[in-house]
Number of protein chains: 2
Amino acid sequence: MKVNFNNRDPVYVQVVRYFKQQIATNMLEPGQEIPSRRELASELKINPNTVQRAYKEMEEAGLIYTERNLPSKITKDEKMLHSVREELIIEAVDSFVASVHSIQVPFEEVVAILKEKYEEVSDENKRGESND
Amino acid sequence: MKVNFNNRDPVYVQVVRYFKQQIATNMLEPGQEIPSRRELASELKINPNTVQRAYKEMEEAGLIYTERNLPSKITKDEKMLHSVREELIIEAVDSFVASVHSIQVPFEEVVAILKEKYEEVSDENKRGESND
DNA sequence: TCGCGTGTATTAATTGGTTAATACACAATG
DNA sequence: CATTGTGTATTAACCAATTAATACACGCGA
């Protein structure tokens with residue numbers, strides 16, 4: 001479990017995003033146990049409350065659940081899990097479309113640039129990825 | 001001159017973004033005079049220093065220039081003006097690709113979703129746009 | 001029953017960015 | 001030459017979000 005922190009976004013947001021990505025790519029399975037607050041905090045060298053905040057948000061969103069005082073687990077609700085990926089995509093698309101729309105970029109131009117960039121990142125992965 | 005402020009981003013950032021969009025869509029022309037710090041501040045009901053900060057960033061970026069103590073003007077450097085649009089697009093694309101790549105969305109799926117959303121916003125504009 | 005590792009709650013501290021207040025310098029204009 | 005409107009610089013205040021410190025509650029197992 002390794003999160004590449006940046007300095008821009010709040011740590012707890014980045015932790016949530018990390019779990020969402022893990023869920024969206026099926027790296028975390030339904031019912032799977034995740035590290036305890038203190039354990040993850042220790043591992044990532046951050047404050048336990050920061051993890052707690054991340055976990056709390058995830059629990060309120062229905063991504064994880066907690067039974068008694070046991071480490072939380074990934075939800076077993078398949079629909080919920082599936083929607084995580086959907087929502088991540090929708091968020092990204094909405095933000096992106098708003099940006100390019102405000103400067104009136106035609107759809108075809110967008111797709112063309114997108115394709116280029118897509119091939120770039122694919123190439124990078126074929127070699128030895130190391131990004132933020 | 002009207003900026004739709006949101007509560008998320010700093011005001012001066014939104015002011016800069018507004019000018020960049022205006023430049024990218026050719027609403028502001030090379031050499032064109034822009035409102036003085038105090039004037040724009042008054043118009044937008046914000047502090048003159050907030051405008052100053054926005055203008056300062058734009059001047060450092062080469063988007064505007066200031067002669068003596070006259071109101072600043074849009075740069076006449078056509079290459080610079082053209083690159084504004086390019087950079088806005090590149091920023092949007094980079095951020096977008098990073099997002100969808102982290103959850104491994106295939107290119108074709110991205111384009112499909114994008115197309116849908118694009119048609120949505122186009123339709124909205126045909127009617128009576130009113131967004132933040 | 002005691003201790004340990006869970007999750008949880010409350011409150012405080014920090015801190016950085018943002019905005020505001022104020023003053024200064026300059027040039028044009030009447 | 002004084003006033004007014006520019007841009008500029010410096011400093012302070014503010015404020016909200018984030019993080020940290022601390023204590024509490026619960027259940028399990030030695």
Side-chain angles (χ1 to χ4, degrees), chain A residues 1 3-20 23 28 31-76 91 132, chain B residues 1-20 23 28 31-77 91 132:
Chain A
M1 193 143 301
V3 182
N4 289 318
F5 290 117
N6 65 52
N7 305 326
R8 301 180 292 283
D9 307 314
V11 172
Y12 78 91
V13 170
Q14 298 184 56
V15 171
V16 171
R17 184 189 306 142
Y18 172 79
F19 274 95
K20 284 188 179 176
I23 289 173
L28 290 173
Q32 181 173 343
E33 187 174 282
I34 60 178
S36 79
R37 276 78 166 158
R38 290 174 178 83
E39 190 182 336
L40 184 58
S42 164
E43 194 176 331
L44 300 180
K45 298 188 175 43
I46 59 180
N47 191 284
N49 277 316
T50 303
V51 178
Q52 161 62 4
R53 177 150 184 192
Y55 278 23
K56 189 181 180 188
E57 294 218 347
M58 291 196 286
E59 180 138 24
E60 284 170 355
L63 266 52
I64 64 176
Y65 65 95
T66 310
E67 287 169 336
R68 295 192 303 274
N69 44 352
L70 293 173
S72 303
K73 298 176 181 172
I74 302 295
T75 181
K76 290 176 180 168
E91 278 173 23
D132 299 347
Chain B
M1 194 144 298
K2 177 82 188 307
V3 182
N4 288 318
F5 291 117
N6 65 51
N7 306 326
R8 302 180 291 284
D9 307 314
V11 171
Y12 78 92
V13 170
Q14 298 184 56
V15 171
V16 171
R17 184 189 306 142
Y18 172 79
F19 275 94
K20 284 188 179 177
I23 289 174
L28 289 174
Q32 181 172 345
E33 187 173 282
I34 60 178
S36 78
R37 275 79 166 158
R38 290 175 177 84
E39 190 182 336
L40 184 58
S42 163
E43 195 176 332
L44 300 180
K45 298 188 175 40
I46 58 181
N47 191 283
N49 277 316
T50 304
V51 179
Q52 161 63 2
R53 178 151 184 192
Y55 278 24
K56 189 181 180 188
E57 293 219 347
M58 290 196 287
E59 179 138 25
E60 284 170 355
L63 265 54
I64 65 176
Y65 65 96
T66 310
E67 288 169 335
R68 296 194 303 275
N69 46 350
L70 293 173
S72 304
K73 298 176 180 172
I74 302 294
T75 181
K76 290 175 181 169
D77 183 337
E91 279 173 23
D132 299 347

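Chain letters run A, B, ... following the sequence lines, proteins first, then strands; residues in each count from 1. Just so you know, these numbers use all the heavy atoms, side chains as well, and skip hydrogens, waters and symmetry mates. Remember, predicted model here, so these are calculated numbers, not experimental data.
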Original post:
Do you know which two heavy atoms are closest between Arg38(B) and Pro48(B), and how far apart they sit?
Top reply: CG-CB, 4.5 Å
Subject >> Heavy-atom closest contact (Phe5(A) atom, Val11(A) atom, distance) >> reply: CE2-CG1, 3.7 Å
Original post:
Atom CG of Asp9(A) and atom CZ of Arg17(A): how far apart are they, to the nearest 0.5 Å?
Top reply: 4.5 Å
Subject >> Rounded distance in Å - CG (Leu44(B)) to P (dT19(C)) >> reply: 12 Å
Original post:
Tell me: CD of Glu33(A) to C1' of dG7(C), nearest whole Å?
Top reply: 13 Å
Subject >> Sub-6.0 Å ring centroid separation between Tyr55(B) and Tyr12(B) >> reply: no
Original post:
Over how many whole Å does the gap from Ile64(A) atom CD1 to dT6(C) atom C1' extend?
Top reply: 13 Å
Original post:
Where do Ile34(B) and Phe19(B) come nearest, in terms of heavy atoms and distance?
Top reply: CG2-CE2, 3.9 Å
Subject >> Gln14(A) side chain vs Asn6(A) backbone, donor-acceptor pair below 3.5 Å >> reply: yes
Original post:
Under a criterion of less than 4.0 angstrom to any heavy atom of chain A, what are the 5'-terminal and 3'-terminal contacting nucleotides of DNA chain D?
Top reply: dT18(D) to dC28(D)
Original post:
CD of Glu39(A) versus C1' of dG5(C): gap in Å, rounded?
Top reply: 11 Å
**OP:** Report yes or no: do Glu59(A) and Ser72(A) form a side-chain donor-acceptor pair below 3.5 Å?
**Re:** no
Subject >> Expected output: side-chain Glu57(A) to main-chain Val16(A) donor-acceptor under 3.5 Å >> reply: no
Original post:
Toward the 5' end of DNA chain D, which comes first, Val11(A) or Asn69(A), by nearest nucleotide?
Top reply: Val11(A)
**OP:** Please evaluate the base of dG5(C) for a donor-acceptor partner in the side chain of Arg38(A) within a cut-off of under 3.5 Å?
**Re:** no
Subject >> Phosphate OP1/OP2 of dT6(C) contacted by Ser36(A) side-chain N/O (<4.0 Å) >> reply: yes
**OP:** Strictly below 4.0 Å, heavy-atom distances to any atom of DNA chain C: list the hits from residues 45-59 of chain B, or just say none.
**Re:** Asn47(B), Asn49(B), Thr50(B), Arg53(B)
